[in-house]
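Only a predicted model underlies this, so the values are computations on that prediction, with no experimental measurement involved. Below, all heavy atoms of this structure are taken into account, side chains as well, without hydrogens, waters or symmetry copies.
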Amino acid sequence: GSKESCPSVSIPSSDEHREKKKRFTVYKVLVSVGRSEWFVFRRYAEFDKLYNTLKKQFPAMALKIPAKRIFGDNFDPDFIKQRRAGLNEFIQNLVRYPELYNHPDVRAFLQMDSPKHQ
């Protein structure tokens with residue numbers, strides 16, 4: 001894949017999922033590069049992992065994501081909306097800088113090298 005076009009990303013929505021009685025929220029990430037467009041589904045933990053990787057490698061970038069929630073209801077609609085907004089801001093920052101969006105972990109996170117998007 002060529003790297004000339006800067007990806008555009010947003011998180012239009014989130015869905016609640018259940019797995020073995022555990023509930024979790026999945027964020028739907030819309031990625032578009034040039035004329036291709038696709039969705040990637042990611043959980044908060046995956047954003048958190050990517051954030052921690054990038055924070056170590058690019059300390060000057062001052063990246064941030066919404067904090068982990070220890071107490072309270074993770075499924076409160078207002079909380080989910082705020083968290084989605086924060087994660088949205090985080091990925092918007094990633095695609096602003098070529099050194100971030102060309103990073104292998106970011107490309108994998110956004111599935112930018114997946115053959116079905118070529």
Which pair of heavy atoms, one from [X] and one from [Y], lies closest together, and at what distance?
X: T25; Y: S14; result: CG2-CB, 3.8 Å
X: N93; Y: Y97; result: O-CD1, 3.2 Å
X: L94; Y: L100; result: O-CB, 3.4 Å
X: L110; Y: V40; result: O-CG2, 3.5 Å

Working to the nearest 0.5 Å, report the span between [atom1] of [X] and [atom2] of [Y].
X: R96; Y: I91; atom1: CZ; atom2: CD1; answer: 11.0 Å
X: L50; Y: L87; atom1: CG; atom2: CG; answer: 10.5 Å
X: I11; Y: F41; atom1: CD1; atom2: CZ; answer: 12.0 Å
X: Q82; Y: D76; atom1: CD; atom2: CG; answer: 8.0 Å

Do [X] and [Y] have side chains that get closer than 4.5 Å, going by heavy atoms?
X: L63; Y: Y51; result: yes
X: R18; Y: E16; result: yes
X: L54; Y: H103; result: yes
X: R84; Y: Y44; result: no
X: V33; Y: S8; result: no
X: N52; Y: K55; result: yes
X: L30; Y: V9; result: no
X: Q111; Y: V31; result: no

Cation-pi geometry met for [X] and [Y] (6.0 Å, 45°):
X: K28; Y: F39; answer: yes
X: R42; Y: Y27; answer: no
X: R23; Y: F75; answer: yes

D48 and K68: salt bridge (Lys or Arg N to Asp or Glu O under 4.0 Å), yes or no, with the steps? CA-CA 9 Å; D48 191 52; K68 282 194 172 76; 2.5 Å; yes
Look at the side chain of S36 and the backbone N and O of S32, then say whether any donor-acceptor pair between them is shorter than 3.5 Å.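 No, because the side chain of S36 does not come within donor-acceptor range (under 3.5 Å) of the backbone of S32.
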Apply the test side chain to side chain contact (heavy atoms under 4.5 Å, CB included) to residues S10 and V29: give CA-CA distance (whole Å), side-chain angles for both, the deciding distance (0.1 Å), then the verdict. CA-CA 6 Å; S10 64; V29 183; over 6 Å; no
For the rings on F47 and F109, is their centre-to-centre separation under 6.0 Å?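 Yes; F109 has its ring centre under 6.0 Å from that of F47.
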